[in-house]
Amino acid sequence: MDTKSLATLLFDASLPTLEEISNTYPRRNLKEGEKVTRMAPSPTGFMHLGNLYAALTSERLAHLSGGTFYLRIEDTDQKREVEGGVQAIIDGLSHFGLNFDEGALVEGEKGIYGPYRQRQRAKIYQAFAKDLVEKGMAYPCFCSEDELSDLRARQEAEKEDNLGYRGKWAKCRSLSLEEVEERLAKKMPWVLRFKSEGSIDNKFKFTDLVKGDLELSENDMDVVILKSDGIPTYHFAHVVDDYLMGTTHVVRGDEWIATLPIHLQLYRAVGLKAPKYMHIAPLMKMDGSTKRKLSKRKDPELALAFYKQEGYVVNCVMVYLMTLLNSNFEEWYAQNPDKSYRDFPFSPKKMSVSGALFDLVKLDDVSKNELAKLSNTELYALLETYTKEFDKEFYHIITAQKDKVLEILNIGRVGPKPRKDIAKLSEIKDYISYFFPELYQPDYQFPENISEEDRNLLITEYKDIYDENDTQDEWFQKIKDLSEKHGFTSNMKEYKKNPEAFKGNVAQVSTVLRVQICGRQNTPDTYEVFRVMGNELVKARLSL
RNA sequence: GGCUCCAUCGUCUAAUGGUUAGGACGCCGCCCUCUCAAGGCGGCAAUAGGGGUUCGAAUCCCCUUGGAGUCACCA
């Protein structure tokens, strides 16, 4: 077979030479230990927590080493592409604080290793493919979809363990130059297949930075490297791009381990050095009684957009993801509560080899702790941004009374043990609604052991004695006095010993006042609440 | 089904052949307390099963079972 002629037959003469290509893509000049990683999504317009998790791993690895994190768009499958998909990816990640040093932008791109959109790199892949054809390592295949499914059917009938276009089944392997010419003349569509010399019986060892030592079989399938539209498959594009763009560490989901032998084989064939690999375990989710990896199609509630909409604060989500990423992060963070997750000495060695279940309850706990660290002004700023996008009504209310809202958010926030009762921004509206007449929806559930008569008496008398200038001690003394006056003890210990001796206790009296004024049974410290609420509103709500 | 990987409380995990199998979340109880949240103290809760190797196994080996992933002109 005259492979040079075959190559000329198949490819445009205007393709750049490999030398020209390597001149356009200089090797990166990296310092010792400096890493270059990338995120390489297909622009399907949908990102979920699992994508963010993988992106965070890549980003941390690069930036902790002083290296580069870039974005490459894998748009080789036009069918799956969604309008605005690139925008969704970039917006999603930048919302969560992950920024790219180079690569695709919504419009255009930055960096000298572009284009960063694979479809625009068609000629580059074709040049490498042509070279493989010339070397006799790739060949055109004219098999139709029907022929391929026939092939699979025959293999299954023969109880073949390894299905696929390989060895003796690869009939286009043996096409002569004339036969190829003839089919080309008939305008038959073709794909380019890599001619595998590997054998499934040959095992080799491979060291993955996360998974450790793996024993894999050589690939023996003649995989498609260029599709009939001249665009490469993932396998080929990955090999070419990650070399040319100088990726040092490929971080990707462990579903790629199965095809790793293909990639290593292709690297050898094109004569380029393979990067290091980190195959990370995917985030899992409970589906009925079994767990499975997060899916774009099945788990819309895990979309990044969903978390934003729910008001999960970026830093909280990131801290939670870090706890999943490195088992020793939590301990480190507990000892360094004032540091950013970005300061954590993340290590691939500490990554889990099997997939972790995504735990919303734990995320809430992490979030409450994080939000408790914020000042009232910081929390207000987050709330303002959030409500502006997702709750216009509330946005107008809080911006019109910003000082009041700041005071409300400050209740129980200062001091060594700040309240931890907010997990996400969407909860704040209900949490503080009773301060605002326009949101107030009282639910009057009074203590059942206090008669309506006593209750009304307590409320009416309290209205007369409440003074917003009282200190906390004076304030509470008044409530105690009021309680005692009507037969409710202010001594909780006494009450516990002998509840029958009293009508009730001061806690119940306080609850009456809380419910009457706040319209609910649970609030922060009512002294603070009443004070922030203001004399006028407190007195108004005490008016029966 | 073939191949690859994985297996410690419900969940995330620690324990590099010698620990009383540790922590965190959740749950339960008690304390504190004007309610709630927080906080403090305590409790429930795990080495999938079976064989080896060894003075000694969660840890090393084998088998079984279970789980995940993958077998496209998708990535």
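Note that the structure is a prediction, hence the values are computed from the model and not measured. Numbers restart at 1 for each chain; the letters A, B, ... are given by sequence-line order, proteins then strands. All values below were derived from every heavy atom in this structure, side-chain atoms included, with hydrogens, water molecules and symmetry-related copies excluded.
- A sub-4.0 Å separation between OP1 or OP2 of B:U4 and a side-chain N or O of A:K203 is present.
- When the P atom is used for both B:A38 and B:C25, the distance is 10 Å, rounded to whole Å.
- Rounded to the nearest 0.5 Å, atoms CG (A:L184) and CG (A:L10) are 6.0 Å apart.
- If you take CZ of A:R72 and C1' of B:A75, they are 12 Å apart, rounded to a whole angstrom.
- Proximity of A:S354 to the phosphate of B:G67: no side-chain N or O atom is located under 4.0 Å from OP1 or OP2.
- Residue A:S352 places at least one side-chain N or O closer than 4.0 Å to OP1 or OP2 of B:U13.
- When the P atom of B:C36 is taken as reference, atom CZ of A:R413 falls 21 Å away, rounded to whole Å.
- In this structure, A:R455 satisfies the cation-pi test against A:F446, with its NZ or CZ atom closer than 6.0 Å to the six-membered ring centre and inside 45 degrees of the ring normal.
- Positionally, the nearest nucleotide of RNA chain B for A:E215 lies more toward the 5' end than for the other of A:K350 and A:E215.
- The same atom, C1', is picked in B:A7 and in B:U13; the two are 13 Å apart, to the nearest Å.
- Put simply, A:K417 has no side-chain N or O that comes within less than 4.0 Å of OP1 or OP2 on B:G40.
- Taking atom CG of A:D365 as the reference point, atom P of B:G10 lies 20 Å away to the nearest angstrom.
- Residue A:T511 has no polar side-chain atom (N or O) positioned under 4.0 Å from OP1 or OP2 of B:U35.
- Smallest separation of non-hydrogen atoms from A:L371 and A:R413: O-NH1, 2.9 Å.
- You won't find any donor-acceptor pair under 3.5 Å spanning the side chain of A:N162 and the base of B:C71, going by distance alone.
- When the side-chain nitrogen and oxygen atoms of A:K227 are compared with OP1 and OP2 of B:C74, one or more of them lie within a distance under 4.0 Å.
- Closest-nucleotide positions on RNA chain B for A:D213 and A:A258 were compared, and the one nearer the 5' end corresponds to A:D213.
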